[in-house]
Structure formats: structure tokens, C-alpha cells
There are 2 protein chains.
Amino acid sequence: MDETDRKILAAIQADASVSIAEMADAIGLSHTPFWRRLKKLEADGVIRKRVAILDPEKLGLAITVFANIRLRQHDEETLEAFERQVAEYPEVIECYSMSGETDYVVRAVVRSIDEYERLLKRKLLHLPGVIAINSHFALKCIKLTTQLPV
Amino acid sequence: MDETDRKILAAIQADASVSIAEMADAIGLSHTPFWRRLKKLEADGVIRKRVAILDPEKLGLAITVFANIRLRQHDEETLEAFERQVAEYPEVIECYSMSGETDYVVRAVVRSIDEYERLLKRKLLHLPGVIAINSHFALKCIKLTTQLPV
DNA sequence: TATGAAACGCCATCCCC
DNA sequence: GGGGATGGCGTTTCATA
């Protein structure tokens, strides 16, 4: 993967709606080699998929919450069950297992505080092994992108 | 925005590479009304843009870090300067101002611990008003999606 | 006012150089 | 890496209820 590939990736992760011909001569390449590189990057899995990015506000999803989750037990089965189930909640946009005191951090988006309370009390707190959850609300989104540094 | 629009949004935020005709009859609609609704959702800004999602691993971006940032002062200018500058770092994928003790939480992706150390010491710690940063490393990504609950 | 059918024109794709 | 041909699809217009 050379410099030209990186330019292609940068372009297509910024805006995938422009035509191949346009992108190609934006980076100074004719459309055929551009297309060939693109297909290779897709085949190699560097480009995972094409998606539409929606506006959370316009969908009424005004609230972003970070939930720091601690488990009571850390055996294989509990972790596996927790991870499988937490990933299924559509409100959960991100989840990572973490170093430090917190076992997992979850980012969820919800329409209201009420909805988060339900997510917390009825779903997250009942996940396998959960002993404590610490919730932090985002006041404002400064940056949220899908563009990786290539 | 009715149930049909939600189906369109769900489909296109899951996979924007399939043709309009295919999506249309997947949700039981002929392609013209589907297309009109799509254009309206774009015009209304519900659909913000189309992008390609890249694989961080394949790009060598193996490490995800959450940085909890505290500022020493909270006057308008400091906040504004901090927010403007933090958003410019390509390693910073997300940043939110938060309730609670932490002023800002940042999610960054880097190639190595070394690279994070440089990001922290040379960039983040020098941002306007910063007094303390607490870094937490992700051990594993359980879920990371762009799909919002529609 | 929302949907279905049909024609147009562009662009992704594949050929060869 | 580049140029050219083609087939399919997004786009637009017309017709319908």
C-alpha cells in the first residue's frame, strides 16, 4: 500500500458519493488504474464497506452517554456472554474492554434521559456479571468522525 | 418521517453499496418513490453523507485510547480554543465535553504506544487550558458501528 | 399527492494497448 | 498506468389513481 493508495483511502472515507472519474483525476490518476486499486483495497478488506452516515439529532437521538461498567467475575463464559449480549443492543454504538478499574466502556445514544434509565436499569445492569455501572453524559459533541488517519 | 423512511435509513446506513432497485424491493417499494424519499432524506440532512469504512487493523492503527481531560480554566475563549484545536488532530476520532469531573473525553487511534505518548505529550497536554489527562487503553473492541437506532 | 412504468444519460466495469 | 467500448443503474419524465 503506497502513497497513491493512501490518497484513494483518504478520499473515499471522506466522501464516497463522488464518481470514480472525479476522484481519479483529483489525485492525478486516470480512471482505470484508480478503479483497479480501489477493487484491490476492497478485496484486501482495507475498505470494509460503504455506508450512509445519519444525523443523530435529526433522528431525535439527542443524548450520548458513556457507561463505565465493572463486572463481579471475569471468567471466560461471563465475559463472552456479556460481550455477545451488549453488542446486540442497538443503542450501544461502541463498546470496548478496558485496562484499569473499568472493565468495559460503552457509548450509547438515546432519545431522552428516560430512555437511558430504561436502557441502564432493564438492560445494561442485567448483563452477565455486571456489578456496577457509572454513567457520564456528553454535554456536547466536539468531534465524531469515521475518518481514520491514513 | 414514517416507518418506510426508517426502513430506508436502516438499509442505507447498514450498506450503501447495494443498488436503489435492490433496496427498494427489499422494503417492498418501487424504485421511484424509494428514490424520491431518499433524496428528501438527503435534502433534509437526515442522511449526512456517504463514506467508506476502513479497517483500522489493516491500516496498522492497532490501539484505541480514551483520554479523560481536565481543564484548569473554563472561560469561553479557553474552551473554544481547546475544542477547535483538538478537532484538528487526525488521531482524534471522537471528542465530547462531559458532565462530571472530566471536562472532555477523547477517543484516539494510534499505531503504537509510542505514537500515543507523542500525541499525549506533544499535542494533547499542550492544548489550551489542559491541566490533567487520564489515559485508558482499550484491550479489545467489542462493538463499533455507525448504525444508529432508527 | 404518492405511486408505477418507461426512456435517457452517465458511470462503473471490462476489454486491449 | 492509460484509452475506449459497453451494459447497467441512477435519474428524470410521463402516466395513473
Side-chain angles (χ1 to χ4, degrees), chain A residues 1-61 90 111 144-150, chain B residues 1-61 90 111 144-150:
Chain A
M1 191 165 55
D2 61 3
E3 197 51 43
T4 306
D5 280 339
R6 292 184 194 285
K7 284 183 188 169
I8 293 174
L9 292 172
I12 203 152
Q13 75 170 339
D15 186 356
S17 69
V18 309
S19 76
I20 289 203
E22 233 173 307
M23 281 182 164
D25 67 39
I27 69 169
L29 205 66
S30 92
H31 70 280
T32 309
F34 183 96
W35 180 82
R36 266 199 296 259
R37 282 169 178 268
L38 196 63
K39 288 298 130 178
K40 173 134 180 53
L41 290 166
E42 283 172 355
D44 292 350
V46 182
I47 296 174
R48 281 191 39 233
K49 55 178 181 176
R50 322 292 192 91
V51 300
I53 301 296
L54 309 185
D55 187 327
E57 308 269 333
K58 294 269 166 66
L59 293 167
L61 299 164
R111 312 184 108 75
L144 172 56
T145 183
T146 54
Q147 296 183 51
L148 301 175
V150 292
Chain B
M1 191 166 52
D2 60 5
E3 196 53 42
T4 306
D5 281 339
R6 292 183 195 286
K7 284 182 187 170
I8 293 175
L9 293 173
I12 203 155
Q13 75 170 339
D15 187 357
S17 70
V18 308
S19 76
I20 289 204
E22 232 174 307
M23 281 182 164
D25 67 40
I27 70 170
L29 204 66
S30 88
H31 73 275
T32 309
F34 182 97
W35 179 82
R36 258 201 301 264
R37 283 170 180 267
L38 197 64
K39 288 297 132 179
K40 173 135 178 55
L41 289 167
E42 283 171 356
D44 293 350
V46 182
I47 296 173
R48 283 192 37 233
K49 57 178 177 173
R50 320 294 189 92
V51 300
I53 302 294
L54 309 185
D55 187 329
E57 308 270 333
K58 294 269 167 64
L59 293 167
L61 298 165
R111 313 183 108 74
L144 173 56
T145 184
T146 54
Q147 297 183 50
L148 302 176
V150 293

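Every chain is numbered from 1 and lettered A, B, ... according to where its sequence line falls, protein lines coming before strand lines. Computed from a prediction, not measured in an experiment: that's the story for all the values here.
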Base, sugar-phosphate or nothing for A:Thr32? Non-hydrogen atoms, less than 4.0 Å.
base
Just the rounded figure in Å: distance from C1' of C:dA5 to CG of B:Asp25.
15 Å
A:Arg37 CZ - C:dA12 C1' separation (whole Å)
18 Å
Expressed as a whole number of angstroms, how long is the span from A:Trp35:CH2 to C:dT13:P?
6 Å
Under 4.0 Å between a side-chain nitrogen and a carboxylate oxygen: does that hold for A:Arg48 and B:Glu57?
no
Indicate yes or no: at least one non-hydrogen side-chain atom of A:Leu29 is less than 4.5 angstrom from one of A:Arg37.
yes
Heavy-atom nearest nucleotide on DNA chain C for A:His31 versus B:Pro33: which residue maps closer to 5'?
B:Pro33
A:Glu22 CD to C:dA12 P: how many Å, rounded?
9 Å
For the student: nearest non-hydrogen atoms of B:Lys49 and A:Gln147, plus distance:
NZ-NE2, 3.7 Å
A:Met23 versus A:Asp15: any side-chain heavy-atom pair under 4.5 Å?
no
Nucleotide D:dG10, atom C1' - distance to NZ of B:Lys39 in whole Å
8 Å
Using whole Å, what does the distance between atom C1' of nucleotide D:dG3 and atom CZ of A:Phe34 come to?
18 Å
To the nearest Å, give me how far apart CD1 (A:Ile20) and P (C:dA12) are.
5 Å
Could you tell me how far apart A:Met23 (CE) and C:dT13 (P) are, to the nearest whole angstrom?
13 Å
